[in-house]
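Below, chain A is the first sequence line, B the second, and so on; all start at residue 1.
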Amino acid sequence: MLLNALIPKPQEFRFADQAQNETVHLVARAHPITQIGWITSILFFVFLPIVAAPFVPSTWPQDGVFLFVLLWYATIFSVSLTSYYIWYFNIGIVTSNQIIDVDTGSVLYSDSSSTFIKDIEEIQQSTQGVLSALFDYGDILIQTAGEKPNIEFASVPRPSYIVRTINEIITALPPT
Amino acid sequence: MTQFAWYVFFFVVALFIVGYVVYAFIFHQRLRKLNQTYFSPQNRHLFVLSWVQGIIAFLLAATTVVFFLNRL
């Protein structure tokens, strides 16, 4: 599914630093409903030339207008594709050993932070607003010991399920 | 529009298309890199869309050249 925001036990998902005995328990990205802002803007810009067409003076050269409309829709396509790409590659990965947070801000910027499951000290879950209550999504903050970075999954679907999955992995860890 | 105004118009359009082609190329390269780091068969649809973006860039360039030659 192109808009799949929560993938439990993905069979064919792999990442570069994955250890041989490491299994991916889930992959999560922001709930699709949180993307409604840019989708609405794109729809507005898609229909704008159609609405504006009757007001274009007939004296304007046809080839110039056609070229402008072509550039307009090409730009809209690229902006949509980039917004989708940013959403698609903003992922949280929960494996049997670690939790990885991939942040993609643009086509040129992407970074990731990870923490080992054994270093997790506290998991906070929060849901805010009507939409998050209606569509069951929320933020998860995973706090780690000492100087290690905290991990945040923003606006992910079914946060209770994700927290429960992480807790189950922690419980299954051998005692140190 | 005067002939000079057309030249200016096509120059601006050409600049835009060069930017578009460069962006489409960078997008494809970054997609390949992220696909290597976080591989999933589902990533294939993004490659298809990336190729569509490349085809759009080619069509834009071709259309502009044809229109420009007609205006010469």
Side-chain angles (χ1 to χ4, degrees), chain A residues 1-5 7 10-18 24 27-29 57 59-93 95 100-112 114, chain B residues 1-3 5-10 12-72:
Chain A
M1 285 283 290
L2 305 187
L3 294 176
N4 216 348
I7 312 161
Q11 295 298 312
E12 292 170 293
F13 181 88
R14 292 194 309 272
F15 58 96
D17 303 325
Q18 190 171 354
V24 179
V27 174
R29 47 179 74 91
T59 50
W60 285 14
Q62 290 297 302
D63 50 353
V65 172
F66 179 76
L67 206 54
F68 181 80
V69 171
L70 219 58
L71 295 179
W72 179 273
Y73 282 112
T75 308
I76 288 176
F77 179 81
S78 290
V79 170
S80 318
L81 183 57
T82 305
S83 303
Y84 178 72
Y85 166 97
I86 289 170
W87 171 77
Y88 188 84
F89 281 113
N90 256 302
I91 42 177
I93 306 163
T95 78
I100 305 164
D101 178 22
V102 184
D103 285 322
T104 304
S106 68
V107 169
L108 295 174
Y109 171 78
S110 177
D111 81 337
S112 70
S114 63
Chain B
M1 275 173 87
T2 63
Q3 192 66 12
W6 275 111
Y7 286 146
V8 172
F9 175 75
F10 279 113
V12 172
V13 169
L15 277 184
F16 181 91
I17 290 170
V18 168
Y20 196 90
V21 169
V22 170
Y23 183 77
F25 181 75
I26 291 171
F27 184 91
H28 195 76
Q29 291 301 315
R30 290 292 300 166
L31 182 59
R32 279 179 62 186
K33 173 86 168 49
L34 276 179
N35 182 55
Q36 282 166 6
T37 316
Y38 309 104
F39 172 79
S40 164
Q42 287 185 332
N43 296 355
R44 249 175 277 153
H45 74 276
L46 265 170
F47 277 99
V48 172
L49 292 171
S50 178
W51 279 113
V52 169
Q53 188 172 236
I55 292 166
I56 288 172
F58 173 77
L59 288 176
L60 279 179
T63 313
T64 306
V65 168
V66 170
F67 283 7
F68 177 70
L69 292 176
N70 282 341
R71 284 280 168 186
L72 274 181

Among A:I7, A:L81, A:I93, who wins on heavy-atom pairs under 4.5 Å with chain B?
A:L81

Which bit of A:L108 comes within less than 4.5 Å of chain B, counting heavy atoms only: side chain, backbone, both or neither?
both

Less than 4.5 Å to any heavy atom of chain B: does that hold for the side chain of A:F89, its backbone, both, or neither?
side chain

For each of B:I26, B:T63, B:L34, B:V13, tally heavy-atom pairs with chain A at distances under 4.5 Å, and name the one with the top tally.
B:L34

Aromatic rings A:F13 and A:F15: how do their planes relate, parallel, tilted or perpendicular, breaks at 30° and 60°?
tilted

Would you please classify the geometry between the B:F27 ring and the A:Y85 ring as parallel, tilted or perpendicular, with 30° and 60° separating the classes?
tilted

Without hydrogens or angle criteria, can the side chains of A:S78 and B:Y20 be said to hold a donor-acceptor pair below 3.5 Å?
yes

So which of A:L71, A:I91, A:V27, A:D17 has the biggest tally of heavy-atom pairs under 4.5 Å with chain B?
A:L71

Can you tell which part of A:F66 gets under 4.5 Å to a heavy atom of chain B, answering side chain, backbone, both or neither?
side chain

What part of B:Y38 gets within 4.5 angstrom of chain A, counting heavy atoms only: side chain, backbone, both, or neither?
both

Picking from B:N43, B:L49, B:L46, what satisfies side chain to side chain contact (heavy atoms under 4.5 Å, CB included) with B:L31?
B:L46

More than 12 non-hydrogen atoms from neighbouring residues, nucleotides or ligands closer than 6.0 Å to CZ on B:F47, yes or no?
yes

Under a 3.5 Å cutoff, is there a donor and acceptor pairing between the side chains of A:Y88 and B:H45?
no

Pick one of side chain, backbone, both or neither for A:T75, based on which atoms fall under 4.5 Å of a heavy atom in chain B.
both

